[in-house]
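Data first, discussion second: the structure below is written as structure tokens.
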Amino acid sequence: MSFPENFTPELVVESPGRINLIGEHTDYNLGYVLPTAIEKKITFKFKRNHTEKECNLYSLGYNTGFTLQLDKIARSNVEWENYILGVLNEILLRTDKLRGFDCTIESKLPMGSGLSSSAALECGLAFGLNELFDLGLSKMDIVQLSQKAEHTFVGTQCGIMDQFASVMSEKGHVILLDCKSLEHQQIPIHIAPYKMIMLNTKVSHNLASSEYNTRKRECEEGVAIIKKKYPEVMSLRDVTATMIQEFEETMDATLFKRCSFIVSENDRVLKTANALKANDLKLFGSLLYEAHEGISKLYEVSCPESDFLVDFSKQYNAVLGARQTGGGFGGCTLNIVHKDKVNAFVEEATKAYKEAFNIELEAFEVQPSAGTYIQN
Ligand code: GLA
């Protein structure tokens, strides 16, 4: 399929990726997370095509597109199409106002790098269609239907963090989100003279076919065991550090590691939020290192490449902390680096990484940015 050359959009929407400062795999355990959108994003151009049901979508990055009929939505064998189909399916379950449209998609977000290009894709599409057809969906509806689309059409039983961050973020802030109540606080972030530097391992892991769903199941099994003694426990969010310790001898070792990580990670998110409010950057950095240790040794969602980069950063006084961010098994590490030493650090990390893995490291700075918006 080639896209009509005379395509003049009625609406342009920008949908950002996200980083998560801390609080990994806590969202589906109804705990806390601390993400923000970043300025790397996906651009959608939309136009109504005045048909009842025909939709044409074109990815400028993949240089390919597809046509679908709104009354014949079904899962596709092509992975990226399922993000689109899933969102359309969820919208159709909520409203009958959707009609035919044409859309081009252009991504500046590296796929599979732990920056949640999937949420950006889902939320940008839902946000744009809501505007184009006046569907009356709230921002929260867009977040929730996008998450649901990922469960049903993509097959990842993801939490709500990525979609929430992609839509709700505010420039210069991180979101302290309680994934149980969905209450959230926008926390201003001032880390000068430090910068947030991402190192992309270029190791990408497909969450849908990965261990992600297994981790979720392991946590549920842990909760079922804890519940026998503490019936009030509904999720790992309700478990304290003292409570989990009681299960060290009796719980299966793997389940115990998974559950202990989540309990301590929730605590680290709250400590990090306080450290940022108090401008205690040293504490912020050490919590990142602590979190990575848990990600690697207890939750076991890291990989040799991410571990290498985090360890490497520990030699530098100019780096306050680092950890792998996102779902895991690769993607990017987040590094808090003094502005005067960014170039030297990136240069040396690139050299060492190339020697160790023969992979060309990619480095870029990120800044807390606004969630999905209409471009004027
Ligand atoms: C992926 C999921 C999120 C979250 C993270 C891990 O990005 O989509 O819901 O679970 O992994 O923190």
Side-chain angles (χ1 to χ4, degrees), residues 3-19 35-51 54-63 65 80 83-84 87-88 90-91 94-95 97-111 115-147 149 161-175 177 184 186-190 196 198 364-376:
F3 215 74
E5 272 165 24
N6 57 359
F7 182 70
T8 317
E10 283 177 69
L11 175 73
V12 180
V13 166
E14 307 279 14
S15 192
R18 63 97 189 92
I19 55 159
T36 176
I38 57 174
E39 63 286 5
K40 281 187 185 291
K41 50 195 177 247
I42 303 183
T43 305
F44 294 79
K45 295 186 176 165
F46 293 96
K47 178 177 177 289
R48 286 169 292 186
N49 63 18
H50 306 291
T51 68
E54 185 174 299
C55 306
N56 299 299
L57 291 114
Y58 196 80
S59 156
L60 296 168
Y62 291 148
N63 217 355
W80 76 272
Y83 293 97
I84 309 284
V87 166
L88 295 177
E90 290 301 321
I91 291 179
R94 288 165 175 76
T95 161
K97 288 163 116 184
L98 194 58
R99 297 287 181 275
F101 66 92
D102 298 342
C103 173
T104 64
I105 302 165
E106 187 174 12
S107 179
K108 297 264 158 49
L109 257 177
M111 305 280 287
L115 302 175
S116 203
S117 52
S118 17
L121 186 55
E122 295 149 5
C123 296
L125 179 68
F127 194 97
L129 294 176
N130 187 40
E131 206 55 41
L132 200 64
F133 293 101
D134 203 8
L135 303 179
L137 300 169
S138 68
K139 279 189 170 185
M140 202 56 216
D141 292 332
I142 291 170
V143 169
Q144 285 171 327
L145 78 82
S146 297
Q147 180 197 17
M161 169 173 72
D162 299 347
Q163 293 78 9
F164 200 97
S166 190
V167 175
M168 302 292 198
S169 290
E170 288 178 12
K171 192 173 174 198
H173 293 74
V174 290
I175 307 175
L177 171 65
H184 59 283
Q186 300 281 355
I187 302 181
I189 170 162
H190 304 290
M196 297 199 279
M198 308 304 289
F364 51 94
E365 187 188 342
V366 285
Q367 258 142 23
S369 303
T372 318
Y373 60 96
I374 297 170
Q375 200 193 71
N376 292 313

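Only heavy atoms go into these numbers, but all of them, side chains included; no hydrogens, no water, no symmetry mates.
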Donor-acceptor pair, [X] side chain versus [Y] backbone, under 3.5 Å?
X: S169; Y: A165; answer: yes
X: N49; Y: E54; answer: yes
X: S117; Y: M111; answer: no
X: E39; Y: Q367; answer: yes
X: T36; Y: H173; answer: yes

NZ of K171: more than 12 outside heavy atoms within 6.0 angstrom? no
What's the spacing between [X] [atom1] and [Y] [atom2] if we round to 0.5 Å?
X: M161; Y: S116; atom1: CE; atom2: OG; answer: 7.5 Å
X: I175; Y: R18; atom1: CD1; atom2: CZ; answer: 11.5 Å
X: I38; Y: E365; atom1: CD1; atom2: CD; answer: 11.5 Å
X: S369; Y: E170; atom1: OG; atom2: CD; answer: 12.0 Å
X: S107; Y: W80; atom1: OG; atom2: CH2; answer: 11.5 Å
X: I42; Y: T372; atom1: CD1; atom2: OG1; answer: 10.0 Å

F164 vs Q147, side chain to side chain contact (heavy atoms under 4.5 Å, CB included): CA-CA, chis, key distance, verdict: CA-CA 9 Å; F164 200 97; Q147 180 197 17; over 6 Å; no
Consider only side-chain N and O atoms of E106 and T43, and report whether a donor and an acceptor are under 3.5 Å apart. no
In terms of side-chain heavy atoms, does Y58 have a donor or acceptor partner in D102 at a distance below 3.5 Å? no
Please report the closest heavy-atom contact between [X] and [Y], naming both atoms and the distance.
X: K45; Y: F7; answer: O-CZ, 3.5 Å
X: G371; Y: Y373; answer: O-CD2, 3.2 Å
X: L109; Y: P16; answer: CD1-C, 4.3 Å
X: F44; Y: C103; answer: CD2-SG, 4.0 Å
X: P110; Y: K40; answer: CD-CD, 4.2 Å

Quick one: do V12 and I374 satisfy side chain to side chain contact (heavy atoms under 4.5 Å, CB included)? Show the steps, please. CA-CA 6 Å; V12 180; I374 297 170; over 6 Å; no
Any heavy-atom pair between the side chains of K139 and M168 that's under 4.5 Å? yes
Report yes or no: is the cationic atom of K47 (NZ for Lys, CZ for Arg) under 6.0 Å from the centre of the six-membered ring of F101, at an angle within 45° of the ring normal? no
Sequence neighbours excluded and cut-off under 3.5 Å, please list the side-chain donor-acceptor pairs for residues 120-137, or say none.
residue	atom	partner	partner atom	Å
E122	OE1	Q163	NE2	3.0
N130	OD1	G136	N	3.2
N130	OD1	L137	N	2.8
N130	ND2	L137	O	3.0

Between L145 and R94, does the side chain to side chain contact (heavy atoms under 4.5 Å, CB included) criterion hold? Intermediate values first, please. CA-CA 9 Å; L145 78 82; R94 288 165 175 76; 3.6 Å; yes
Evaluate R48 against R99 for side chain to side chain contact (heavy atoms under 4.5 Å, CB included), listing each step before the verdict. CA-CA 8 Å; R48 286 169 292 186; R99 297 287 181 275; over 6 Å; no
